[in-house]
Amino acid sequence: MQSQAASSPNSRPWYEKEDGTCTILEPTLVDIGANQPPHLMFPVHWAKSLEILPKAKQIADEHQAMLVLLLHGEASNSEIMSLVLQLAETQVLPLWIGEQNRRKVDQIISMLSNQLQENSNRAEENTSPS
C-alpha cells in the first residue's frame, strides 16, 4: 500500500487523469491534512464495490482511515442510486471517476436530498398542532 499527500493543480480531481481515468491503481493512504484522518483511496469498478467492501473497510480500520471508494465504470441511474444509498449506510464515501459520471451522481444525490427534505417537511406538518 502506498501513501501520498493530496493536491490538485486544476478543477479536475487530483486522483483523475485528463482522459477521465484514475491515477490511483491500488489502495492508497492519503494524508489530506487539516487534522483529518487519513483517507484510504480504494479504486474499484462500481459493480464490485459491495463485494470488496468488507476487505476495504478492514484495511481502513487497521490504518484508522476513512474509506473512500474511487468508482469507475458506467452505471444506470438506478444502479448509482442503489449503490449511493447502500454506501451511505456503511459510512463510506463514494467518488465516481469521470466528469459525466460525477454529474450523474451529483444529480442523483441532489434528487435524494430533495426527497428527504420533502419527507421531513411532511412529517413536521403531520406532527404540528393544528
Audit row: Ser110, Gln107, side-chain hydrogen bond (donor to acceptor under 3.5 Å, both in side chains) steps and yes/no: CA-CA 5 Å; Ser110 177; Gln107 289 171 346; over 6 Å; no
Heavy-atom side-chain contact between Pro94 and Leu87 under 4.5 Å: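 Of all side-chain heavy-atom pairs linking Leu87 with Pro94, at least one is under 4.5 Å.
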For the side chain of [X] and the backbone of [Y], is there at least one donor-acceptor N/O pair under 3.5 Å apart?
X	Y	answer
Ser82	Ile80	no
Trp96	Glu74	no
Gln86	Leu50	no
Glu79	Ser76	yes
His45	Ala47	yes
His39	Pro37	yes

Distance check, rounded to the nearest 0.5 Å: [X] atom [atom1] versus [Y] atom [atom2]?
X	Y	atom1	atom2	answer
Leu95	Met41	CG	CE	5.5 Å
Ser78	Leu83	OG	CG	11.5 Å
Ile32	Met66	CD1	CE	8.0 Å
Ser49	Leu69	OG	CG	6.0 Å
Ile52	Lys55	CD1	NZ	8.0 Å
Arg12	Asp19	CZ	CG	9.0 Å

Smallest separation among heavy atoms of [X] and [Y], with atom names:
X	Y	answer
Pro43	Pro27	CD-N, 3.9 Å
Phe42	Ile59	CE1-CD1, 4.2 Å
Trp46	Ala75	CE2-CB, 3.5 Å

Salt-bridge criterion met for Glu62 and Lys57 (N-O under 4.0 Å): no
Within 6.0 angstrom of Gln91 CD, more than 12 heavy atoms from elsewhere: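 Counting neighbours around CD of Gln91, 12 or fewer heavy atoms of other residues, nucleotides or ligands fall under 6.0 Å, so no.
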Gln115 atom CD, over 12 foreign heavy atoms within 6.0 Å: yes
Residue that, paired with Leu67, satisfies side chain to side chain contact (heavy atoms under 4.5 Å, CB included) out of Leu53, Thr90, Leu93: Leu53
Verdict with supporting geometry, Val68 and Val92, side-chain contact (heavy atoms from CB on, under 4.5 Å): CA-CA 6 Å; Val68 180; Val92 172; over 6 Å; no
Working for side-chain contact (heavy atoms from CB on, under 4.5 Å), residues Tyr15 and Ile97: CA-CA 9 Å; Tyr15 50 82; Ile97 302 297; 3.6 Å; yes
Derivation of the side-chain contact (heavy atoms from CB on, under 4.5 Å) call for Met81 and Met111: CA-CA 10 Å; Met81 185 180 306; Met111 182 184 70; 2.7 Å; yes
Verdict with reasoning, Thr21 to Glu16, per side-chain contact (heavy atoms from CB on, under 4.5 Å): CA-CA 6 Å; Thr21 58; Glu16 188 175 299; over 6 Å; no
